Amino acid sequence: MGCFECCIKCLGGVPYASLVATILCFSGVALFCGCGHVALTGTVSILEQHFSSNASDHALLTEVIQLMQYVIYGIASFFFLYGIILLAEGFYTTSAVKEMHSEFKTTACGRCISGMFVFLTYILGVAWLGVFGFSAVPVFMFYNIWSSCEVLKGLPVNYTTTAEQICVDIRQYGIIPWNALPGKACGTALGNICSTNEFYMSYHLFIVACAGAGATVIALLIYMMATTYNYAVLKFKSREDCCTKF
């Protein structure tokens, strides 16, 4: 066998679907975890400076955000390991399906492991749909604040509304109690929030984190298709000789 034929045979054993899903998963999780961590820190700073002067009013929220930041570390570590395992499992099943090695045989244990990855990937896919929806909540909140800022900037040409009538009440989202003071920002105070780089940085980071969660959902969907297909082929491989290209 020549060098070219050898390279073609090696490339034929690459699980391209799993490879694409792994790259997309790593990218999505990195964006979600990195941007989400920094955006949460900026959110606490904005809350303390402009919406809640009493530390006891947002103490619970601060603890929850700190816990979420630790969870982010765990998510990043888990998906880094899980992505590598799924990629390795993809190489295993592709080699077994395409019979690249004459001594390579499927076993009941191998099929059981593949089935376990199918089940776990489905569970993670459903869980990440929830994460994706949850990550859209801060984007919605910051978008409302940004919209109010844009209205405030347009006041010089619109004399029907005064600056003090344009307010953002953060208490309506339930993240701080209703007795928290000041709890809302109007007019000049809202303009001060809009003029900070911290606000726009947190807003854009939340958008990127939401996009990263969406990319992770897509990666898990690709993993679902790849693992399900490979498991089905491995299960029926002993009964019939099939040729696949996945």
Side-chain angles (χ1 to χ4, degrees), residues 25-83 120 123-149 167-217 219-220:
C25 181
F26 284 174
S27 302
V29 171
L31 289 175
F32 174 78
C33 294
C35 296
H37 185 278
V38 178
L40 287 173
T41 303
T43 301
V44 172
S45 178
I46 293 173
L47 191 68
E48 292 175 344
Q49 295 176 14
H50 304 284
F51 293 102
S52 180
S53 57
N54 189 354
S56 61
D57 291 334
H58 59 268
L60 178 60
L61 177 64
T62 302
E63 292 179 0
V64 171
I65 288 179
Q66 290 177 348
L67 178 62
M68 291 174 62
Q69 289 176 327
Y70 285 114
V71 170
I72 283 175
Y73 296 141
I75 290 175
S77 303
F78 171 78
F79 271 92
F80 177 77
L81 179 61
Y82 189 69
L120 184 58
I123 296 298
L124 290 174
V126 173
W128 267 95
L129 282 174
V131 173
F132 176 63
F134 179 77
S135 64
V137 174
V139 176
F140 172 74
M141 293 170 53
F142 273 83
Y143 174 77
N144 286 340
I145 298 176
W146 175 82
S147 299
S148 300
C149 294
C167 300
V168 172
D169 194 340
I170 206 70
R171 294 171 296 187
Q172 65 181 332
Y173 299 109
I175 60 177
I176 57 175
W178 280 105
N179 59 355
L181 296 175
K184 64 179 181 178
C186 302
T188 304
L190 181 58
N192 292 335
I193 298 174
C194 299
S195 61
T196 60
N197 291 328
E198 195 170 43
F199 168 76
Y200 282 100
M201 179 66 70
S202 298
Y203 179 35
H204 291 117
L205 286 176
F206 273 126
I207 293 175
V208 176
C210 184
T216 306
V217 171
L220 288 172

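Note that the coordinates shown come from a computational prediction; the quantities given were computed from them, not determined experimentally. Values below: every heavy atom of this structure, side chains too, minus hydrogens, waters and symmetry copies.
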Trainee: Can you tell if the side chain of V168 reaches within under 4.5 Å of the side chain of W146, non-hydrogen atoms only?
Mentor: no
Trainee: If you measure from CZ on F26 to CZ on F79, what distance do you get to the nearest 0.5 Å?
Mentor: 10.5 Å
Trainee: CG/N197 to OH/Y200 distance, rounded to the nearest 0.5 angstrom?
Mentor: 10.0 Å
Trainee: Show your reasoning for whether side-chain contact (heavy atoms from CB on, under 4.5 Å) applies to I170 and Y173.
Mentor: CA-CA 6 Å; I170 206 70; Y173 299 109; 3.9 Å; yes
Trainee: Kindly indicate whether the side chain of Y82, heavy atoms from C-beta on, has any atom under 4.5 Å from the side chain of L124.
Mentor: yes
Trainee: Are there more than 12 heavy atoms of other residues, nucleotides or ligands under 6.0 Å from atom OH of Y203?
Mentor: yes
Trainee: For I193, is there any backbone N or O sitting under 3.5 Å from a side-chain donor or acceptor partner on T196?
Mentor: yes
Trainee: Just jot down the ring-ring contact (aromatic ring centres under 6.0 Å, His included) partners of F51, sequence neighbours excluded, or say none.
Mentor: none
Trainee: For residues 42-50, run the donor-acceptor check on the side chains, cut-off 3.5 Å, and write out each pair with its distance to 0.1 Å, sequence neighbours left out.
Mentor:
{"residue": "T43", "atom": "OG1", "partner": "A39", "partner atom": "O", "Å": "2.8"}
{"residue": "S45", "atom": "OG", "partner": "Q49", "partner atom": "NE2", "Å": "3.0"}
{"residue": "S45", "atom": "OG", "partner": "E198", "partner atom": "OE1", "Å": "3.2"}
{"residue": "S45", "atom": "OG", "partner": "E198", "partner atom": "OE2", "Å": "3.0"}

Trainee: Could you pull out all residues at least two apart from F142 that satisfy ring-ring contact (aromatic ring centres under 6.0 Å, His included)?
Mentor: F199, F206
Trainee: If you measure from SG on C210 to CZ on F134, what distance do you get to the nearest 0.5 Å?
Mentor: 11.5 Å
Trainee: Dump the intermediate steps for side-chain contact (heavy atoms from CB on, under 4.5 Å) on I75 and Y70, then the final yes or no.
Mentor: CA-CA 9 Å; I75 290 175; Y70 285 114; over 6 Å; no
Trainee: Would you mind writing out the side-chain donor-acceptor pairs for residues 177-184 within the sub-3.5 Å range, not counting sequence neighbours?
Mentor:
none

Trainee: For F78, look at atom CZ and say whether over 12 heavy atoms of other residues, nucleotides or ligands are found less than 6.0 Å away.
Mentor: yes
Trainee: Atom CG of L40 and atom CG of L61: how far apart are they, to the nearest 0.5 Å?
Mentor: 9.0 Å
Trainee: Let me check something: any side-chain donor-acceptor pairs from residues 28-37 under 3.5 Å, sequence neighbours excluded? List them with distances.
Mentor:
{"residue": "H37", "atom": "NE2", "partner": "Y73", "partner atom": "OH", "Å": "2.9"}

Trainee: Provide the closest heavy-atom pair for V139 versus S135 in the form atom of the first, atom of the second, distance.
Mentor: CG2-O, 3.6 Å
Trainee: Between atom CG of N144 and atom CG of D169, what is the distance when rounded to the nearest 0.5 Å?
Mentor: 12.0 Å
Trainee: Test of understanding: with side-chain hydrogen bond (donor to acceptor under 3.5 Å, both in side chains), list the residues that count as partners of Q172, not counting sequence neighbours.
Mentor: none
Trainee: Under 4.5 Å between any side-chain heavy atoms of L190 and S148, yes or no?
Mentor: yes
Trainee: Taking atom CD1 of I175 and atom CG of L60, what is their separation to the nearest 0.5 Å?
Mentor: 11.5 Å
